[in-house]
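Here is how names work: the chains are called A, B, and so on, in the same order as the sequence lines, proteins then strands, and each is numbered from 1.
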Amino acid sequence: MSEPLLAVRGLIKRFANTSNGPLLAIDTFDVGAGACVVLTGDNGAGKSTLLRALAGLETAHAERFDFEGRPIAIHTYPAELRRRIQYVHQHPYMFTGSIDHNIGYGLSVRRVTTEERRRKVDAAVTWAGLDTVRAVPAPQLSGGEKQKVALARAWVLEPQLFLLDEPTANLDATARAQVIALIRRLQSEGRSVVVACHDKELIELPDASRFHLAAGALEQLR
Amino acid sequence: MPSATTEAFRLMFGGDPELWGIIALSVRVSLAALLIATPLAVAIGYWLAIARFRLRRVLIIALQSLLAFPTVVVGLILYMLLSRRGPLGAWQLLFTPDAMILGQILIALPVLASFALAAFQGADPRIQETATSLGATHWQAAWTLLREVRFGVLAGVCNGFGRVISEVGCALMVGGNIAGFTRTMTTAIALETSKGEFAQGIALGFVLMALALAINVAFALLQGRGASA
């Protein structure tokens with residue numbers, strides 16, 4: 001059997017300054033290359049916290065955290081891993097400026113040349129179907145459009161793994177369908193995706209494995 | 001008094017060299033002080049907003065208390081430091097524009113740092129998080145945060161400019177109000193009024209108010225452009 005893209009063993013996340021039990025105690029969590037994993041659970045179950053811990057935005061400890069077969073110290077979260085794992089917030093923040101500026105942000109901080117950045121941003125705008133709203137300042141976009149910009153600015157960085165936190169929450173039917181179409185497109189491109197959601201259509205995505213998070217523990221659903 | 005006002009307008013629009021020399025010095029000293037104080041204050045504001053350490057609350061309270069610090073006391077402390085027998089007497093800065101710049105830096109710093117601190121503390125926590133998750137280094141994320149809260153910081157700069165250009169106590173004590181060398185708008189107003197000469201005082205008062213208006217209009221225009229960006 002081939003090595004999973006992400007293999008997590010014994011992940012523990014505790015609240016700071018409390019003697020309560022851990023918020024998360026994950027025994028095993030694997031994500032295969034090109035796999036789609038759907039994460040369900042009640043509000044407050046820790047879905048977002050798990051995704052944020054995997055993205056290095058929350059400190060957590062793990063007995064093992066292997067990415068592409070290489071052990072990684074998750075509590076120090078190397079910068080290199082941020083190039084390979086992209087987290088998309090439920091309510092993505094749009095930097096002041098254009099859609100192009102937002103999508104090109106990750107390329108700018110990586111010192112990608114202006115010409116290459118322009119080419120990649122063009123491709124990402126088309127990929128996300130944002131051509132018609134391209135002239136609109138990003139902070140003025142609707143919720144669905146912001147989510148598409150957030151997906152595009154993650155996609156443009158060509159990460160191996162996407163962590164999507166309730167990407168269709170609070171969206172109207174049209175925007176929701178467009179975002180789901182983009183997630184299915186990620187699947188068809190062979191990208192690995194972990195999506196936390198309550199959305200029935202996302203939960204029933206074809207070829208997805210499903211996990212349920214309750215009381216800090218993860219259970220695989222059949 | 002009406003004749004003094006007429007004379008004030010004649011001085012302003014007649015291009016009186018002494019009057020415009022005073023205005024130029026005042027603006028030069030205040031801008032230099034802001035130019036030096038702003039980066040320092042932004043760094044202090046950012047550090048106090050982001051860092052977590054034991055004395056943080058105490059430092060924030062101290063910083064905010066300094067907002068009410070009388071400028072004349074800043075002048076007094078600086079005077080003692082810069083006077084010939086003071087610890088910084090060897091610098092020979094007393095009664096020079098550089099001493100006034102130093103004083104205005106000390107006066108502007110708490111204002112600028114408090115505004116910067118408030119701007120950083122009020123910033124959306126997703127800004128740095130988004131920047132970091134998109135691969136920004138700590139410094140790149142900090143720069144992005146500053147860019148996002150720039151209007152809060154700029155409001156501090158406007159406020160700081162208003163405070164330093166209009167202060168008189170420190171400028172009088174460490175500048176000495178020397179004609180053609182360290183005489184600023186506020187010290188000139190104080191001197192001329194004490195002599196019963198109101199024309200120059202009124203003219204300088206008009207200029208001070210015009211400057212305050214211009215700064216606020218410029219800030220409002222900038223904010224308007226930023227909101228539509």
Asker: Could you pull out the closest heavy-atom pair between A:R153 and B:T130, with the gap in Å?
Answerer: NH2-CG2, 3.3 Å
Asker: With no hydrogens and no angle check, is any side-chain donor or acceptor of B:R126 less than 3.5 Å from a backbone partner on A:H91?
Answerer: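 Looks like yes, one N/O pair under 3.5 Å.
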Asker: Will you find, in the side chains of A:Y105 and B:T144, an N or O donor that is under 3.5 Å from an N or O acceptor?
Answerer: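 Looking only at side-chain atoms, B:T144 and A:Y105 do form a donor-acceptor pair, the distance falling under 3.5 Å.
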Asker: Counting distance only, does the side-chain N/O of A:R110 pair as donor-acceptor with the main-chain N or O of B:L134 below 3.5 Å?
Answerer: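 Yes; at least one donor-acceptor contact below 3.5 Å.
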Asker: Are there over 12 heavy-atom neighbours, none belonging to B:R52, within less than 6.0 Å of that residue's CZ?
Answerer: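 Counting neighbours around CZ of B:R52, more than 12 heavy atoms of other residues, nucleotides or ligands fall under 6.0 Å, so yes.
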Asker: Once you round to the nearest 0.5 Å, how far does CZ of A:R52 lie from OG of B:S133?
Answerer: 9.0 Å
Asker: Where on A:P159 is there a heavy atom nearer than 4.5 Å to chain B: the side chain, the backbone, both, or neither?
Answerer: neither
Asker: I need the minimum non-hydrogen distance between B:T132 and A:R82, along with the two atoms involved.
Answerer: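 So the minimum-distance heavy-atom pair works out to O-CD, 3.1 Å.
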Asker: Side chain, backbone, both or neither: which part of A:R84 has a heavy atom under 4.5 Å from chain B?
Answerer: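 Neither part.
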Asker: Which pair of heavy atoms, one from A:F95 and one from B:I127, lies closest together, and at what distance?
Answerer: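 Reported closest heavy-atom pair: CE2-O, 3.9 Å.
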Asker: Report yes or no: does B:E148 contribute a side-chain atom to a donor-acceptor pair with the main-chain N or O of A:T96 at less than 3.5 Å?
Answerer: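 Between the backbone of A:T96 and the side chain of B:E148 there is a qualifying donor-acceptor contact (under 3.5 Å).
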Asker: What part of A:H101 gets within 4.5 angstrom of chain B, counting heavy atoms only: side chain, backbone, both, or neither?
Answerer: side chain
Asker: Check the surroundings of atom OH in B:Y79: do more than 12 heavy atoms from other residues, nucleotides or ligands lie under 6.0 Å from it?
Answerer: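 Atom OH in B:Y79 is not crowded, with 12 or fewer foreign heavy atoms closer than 6.0 Å.
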